[in-house]
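Following: one structure in structure tokens, then a few remarks.
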Amino acid sequence: MNTRLSRSLADLSSRWRSRFSRSKELSEHLRLGARGEKLACAFLRQGGYKILYRNFRARRGGEVDIICRDGETLVFVEVKTRTGEDFGRPVEAVNAAKRKLISRGALAWLQLLDNPDILVRFDVVEIVMTEDGQPRFELIRDAFPLSAPYIY
């Protein structure tokens, strides 16, 4: 292959990649959230959890930040990261609408597994980034039940 053609293909590939890539510059709060989810995975692994999947998005709506196992229990984890507690604790942002979205994601995941007979739980990991750069973690086990009107 001649060099001009290969440079042309590389240039075209680069333009398409930059046009359709999801790695465009993220806003500050999205970068903070992504960092928090990565930190939460490490925190959960240290606590004995086995991470199965991150950022699950269901076709018909519903989302779960982290899906993992804690022993024999399947755990759906919501991660909330904040730079401080000026506006309340991070867990307070997991309102009824957010719980419903997480519940729909969890049910979609369970359907993918053909609805196994397994214990499930919803946890929240709070992360507060302190001024010295060290995150402070709080794991809230069984933070909320499956949202109404859903049943499993």
Side-chain angles (χ1 to χ4, degrees), residues 13-152:
S13 173
S14 175
R15 278 189 277 155
W16 278 94
R17 193 176 314 117
S18 66
R19 175 177 249 172
F20 295 106
S21 173
R22 291 183 180 206
S23 64
K24 291 183 181 180
E25 192 63 32
L26 295 175
S27 65
E28 183 68 31
H29 80 279
L30 291 177
R31 279 195 306 260
L32 180 66
R35 182 168 181 238
E37 287 176 10
K38 187 176 180 180
L39 290 168
C41 282
F43 173 73
L44 291 168
R45 278 189 197 100
Q46 288 175 349
Y49 287 64
K50 179 173 176 36
I51 307 300
L52 303 175
Y53 202 88
R54 286 179 57 187
N55 295 312
F56 176 71
R57 303 289 179 256
R59 272 192 209 168
R60 294 186 179 98
E63 60 182 49
V64 180
D65 289 340
I66 302 170
I67 301 171
C68 53
R69 295 209 42 169
D70 180 22
E72 295 299 313
T73 304
L74 186 61
V75 185
F76 301 97
V77 180
E78 175 67 12
V79 180
K80 286 297 174 191
T81 309
R82 298 289 184 267
T83 55
E85 293 187 57
D86 299 338
F87 300 104
R89 291 185 56 195
V91 71
E92 293 170 12
V94 185
N95 57 22
K98 186 66 175 175
R99 290 190 300 267
K100 190 172 184 178
L101 194 64
I102 297 165
S103 293
R104 279 201 328 244
L107 290 171
W109 179 266
L110 290 165
Q111 285 177 341
L112 287 174
L113 299 177
D114 201 23
N115 297 318
D117 186 20
I118 189 170
L119 294 173
V120 297
R121 186 176 78 220
F122 296 91
D123 291 358
V124 174
V125 173
E126 286 186 327
I127 303 173
V128 178
M129 305 304 280
T130 59
E131 289 184 18
D132 64 359
Q134 293 299 316
R136 190 181 76 228
F137 296 93
E138 180 79 27
L139 172 63
I140 300 144
R141 294 171 54 103
D142 210 12
F144 58 92
L146 186 66
S147 295
Y150 305 120
I151 57 171
Y152 183 75

Enclosure of R35 CZ (heavy-atom neighbours >12, cutoff 6.0 Å): no
Are the side chain of [X] and the backbone N or O of [Y] linked by a donor-acceptor pair below 3.5 Å?
X	Y	answer
E126	V91	yes
S103	S147	yes
D65	N55	no

Closest heavy-atom pair and its distance - [X], [Y]:
X	Y	value
A58	G61	CB-O, 3.1 Å
L44	C68	CD1-SG, 4.4 Å
A40	F137	N-CE2, 4.3 Å

Is any side-chain heavy atom of [X] less than 4.5 Å from a side-chain heavy atom of [Y]?
X	Y	answer
R69	L74	yes
M129	P135	yes
R121	R141	yes
R99	V94	yes
I127	F43	no

Parallel, tilted or perpendicular: rings of F56 and W109 (30°, 60°): perpendicular
Residue that, paired with E63, satisfies salt bridge (Lys or Arg N to Asp or Glu O under 4.0 Å) out of R104, K100, K98: K98
Evaluation steps, side chain to side chain contact (heavy atoms under 4.5 Å, CB included), between L110 and F76: CA-CA 11 Å; L110 290 165; F76 301 97; 4.2 Å; yes
Name of the residue among V75, V77, D123 meeting side-chain contact (heavy atoms from CB on, under 4.5 Å) with I66: V77
P90: which of V128, I140, V124 passes side-chain contact (heavy atoms from CB on, under 4.5 Å): V128
Interatomic spacing from CZ in R60 to CG in L107 - rounded to 0.5 Å: 13.0 Å
Intermediate values then yes/no, side chain to side chain contact (heavy atoms under 4.5 Å, CB included), K38 and R54: CA-CA 9 Å; K38 187 176 180 180; R54 286 179 57 187; 4.2 Å; yes
